[in-house]
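Reading through the structure tokens given below for one structure.
Computed from a predicted structure; not experimentally measured. All values below were derived from every heavy atom in this structure, side-chain atoms included, with hydrogens, water molecules and symmetry-related copies excluded.
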Amino acid sequence: INQTLTQMFGFQRSEMINKNALDFLTSETRDTALRNIRTGYEKPYEAEGRRKDDSVFPIEIQAKVMPYQGRNVRVAAIRDITERKRAEEELRKAKEAAESANNAKSDFLARMSHEIRTPMSAITGLSRLALQTDLTAKQHDYLSKILDSSHNLLGIINDILDFSKIEAGKLEIESVNFRLDEVMENVSNQICIKAQEKGLELLFSISPDIPLALIGDPLRLGQILINLAGNAVKFTESGEIVITTELKAEENDQIVLKFSVRDTGIGLTQEQISHLFQPFAQADGSTTRRYGGTGLGLTICKRLTEMMGGTVGIESELGK
């Protein structure tokens, strides 16, 4: 026994010599130590030490069997880990507090969905109605810009709310009857005008062996495809956008579909691809300034795809 051990436990050296080592542990951890001794366990493990004044403190024990003067003895190193346990407890509390704050934020935003969307819908709806009345050219210009800006703001709000719902665990994937061709028609309706405004060709290809009557979540499937196709239009100045649907696997009443969105846009470097699906990430700062957006769209697509049991990925080359 060295002096550090006697100081740790508060005994004189003479009080510890010839005593059973287990006597200096609490009864709660004595059985574990005894089992480790009997089995020859040599890795560090935690226990509780009992000082002379009966106070209890956390310790770490590591013991090895070594030859000594012709016989095997068990040599143990004991460390007082009070400070380490205190630091771990503080870290645990800090983590719980951070998680609680984050959950409260996500929960708040998820619950605010209706309250935020309702006034925005009124702004877009009334702006659209006002545009159908007799207006001067300047009034028409102002209202058109209000309508465009409200659409953009509503898109940002929807992204933030969807992301918050996913983070708060409040977004659920439905399982309802739907037709795939109707989903693709809705995607076309949403994207076609934007593509035409930029002079882009929008093409759809659905493999003939895919059954069109399916069960799943058509709303979220459409949301993913609209987001991907919308990105393709946003980052493509000339050429085409091609949306392809293929049957990858079919077993019993389950099928796996592969949806691909290909464009002739600006492309991405491998470094940009590496953080593309991270929340609030854009390819770079200039992308945000030039094209706008929250940097949440692809994150939401990834989370929704995974919630459906799928995966999402990208292949790209800068300038192509």
Is any side-chain heavy atom of [X] less than 4.5 Å from a side-chain heavy atom of [Y]?
X: Asp217; Y: Met308; answer: yes
X: Leu171; Y: Arg220; answer: yes
X: Ile123; Y: Ser127; answer: yes
X: Asn186; Y: Ile226; answer: yes
X: Val261; Y: Val242; answer: no
X: Gln3; Y: Thr6; answer: yes
X: Thr311; Y: Glu306; answer: no
X: Ile241; Y: Glu201; answer: no

Distance in Å, [X] [atom1] paired with [Y] [atom2], rounded so as to fall on 0.5 Å steps:
X: His275; Y: Leu298; atom1: NE2; atom2: CG; answer: 12.0 Å
X: Gln139; Y: Thr133; atom1: CD; atom2: OG1; answer: 8.0 Å
X: Cys192; Y: Glu197; atom1: SG; atom2: CD; answer: 10.0 Å
X: Leu318; Y: Leu268; atom1: CG; atom2: CG; answer: 7.5 Å
X: Arg79; Y: Thr82; atom1: CZ; atom2: OG1; answer: 12.5 Å
X: Ile210; Y: Asp181; atom1: CD1; atom2: CG; answer: 11.0 Å

Grab the two heavy atoms, one from [X] and one from [Y], that are nearest each other, plus how far apart they are.
X: Pro218; Y: Gly216; value: CD-O, 3.3 Å
X: Ser150; Y: Met120; value: O-CE, 3.4 Å
X: Leu202; Y: Ala195; value: CB-CB, 4.4 Å
X: Phe9; Y: Gly49; value: CE2-CA, 4.0 Å
X: Leu25; Y: Ala33; value: CD1-CB, 3.5 Å
X: Gly40; Y: Arg74; value: CA-NH1, 4.1 Å

Step-by-step salt bridge (Lys or Arg N to Asp or Glu O under 4.0 Å) determination, Glu83 to Arg86: CA-CA 5 Å; Glu83 285 303 308; Arg86 182 187 61 78; 2.8 Å; yes
When you group the ILVMFWY residues by side-chain heavy-atom contacts below 4.5 Å and let the links chain together, are [Y] and [X] in the same group?
X: Ile173; Y: Leu225; result: yes
X: Met307; Y: Ile300; result: yes
X: Leu219; Y: Ile157; result: no
X: Leu22; Y: Ile59; result: yes
X: Val75; Y: Val65; result: no

Could you check whether atom [atom1] of [X] has more than 12 heavy atoms from other residues, nucleotides or ligands sitting under 6.0 Å from it?
X: Arg30; atom1: CZ; answer: yes
X: Glu99; atom1: CD; answer: yes
X: Ile193; atom1: CD1; answer: no
X: Glu251; atom1: CD; answer: no
X: Glu42; atom1: CD; answer: yes
X: Arg84; atom1: CZ; answer: yes

side-chain contact (heavy atoms from CB on, under 4.5 Å) assessment of Phe259 paired with Leu221: CA-CA 10 Å; Phe259 297 92; Leu221 175 59; 3.7 Å; yes
Backbone N/O of [Y] and side chain of [X]: donor-acceptor pair under 3.5 Å:
X: Thr244; Y: Ser205; result: no
X: Thr39; Y: Arg35; result: yes
X: Ser149; Y: Ile146; result: no
X: Thr124; Y: His151; result: no
X: Lys198; Y: Thr236; result: yes
X: Lys194; Y: Gln190; result: no
X: Thr264; Y: Ser238; result: yes

Evaluation steps, side-chain contact (heavy atoms from CB on, under 4.5 Å), between Val187 and Phe204: CA-CA 10 Å; Val187 173; Phe204 287 83; 4.3 Å; yes
side-chain hydrogen bond (donor to acceptor under 3.5 Å, both in side chains), paired with Arg92, selected from Glu90, Glu96, Glu88: Glu96
Option among Glu60, Glu48, Glu46 that satisfies the salt bridge (Lys or Arg N to Asp or Glu O under 4.0 Å) test with Lys85: Glu46
Pair Asp54-Arg50, side-chain contact (heavy atoms from CB on, under 4.5 Å): steps then yes or no: CA-CA 6 Å; Asp54 273 342; Arg50 186 179 295 281; 3.6 Å; yes
All side chain to side chain contact (heavy atoms under 4.5 Å, CB included) counterparts of Pro211, not counting sequence neighbours: Leu214, Ile255
Residues Thr29 and Thr26: side-chain donor-acceptor under 3.5 angstrom: yes
Carboxylate-amine/guanidinium proximity below 4.0 Å for Lys145 and Asp141: yes
Charged N-O contact under 4.0 Å between Lys234 and Asp263: no
Leu131/Leu135 under side-chain contact (heavy atoms from CB on, under 4.5 Å): CA gap, chis, key distance, verdict: CA-CA 7 Å; Leu131 283 168; Leu135 300 167; 4.3 Å; yes
Cation-pi, Phe57 ring and Arg51 (6.0 angstrom, 45 degrees): yes
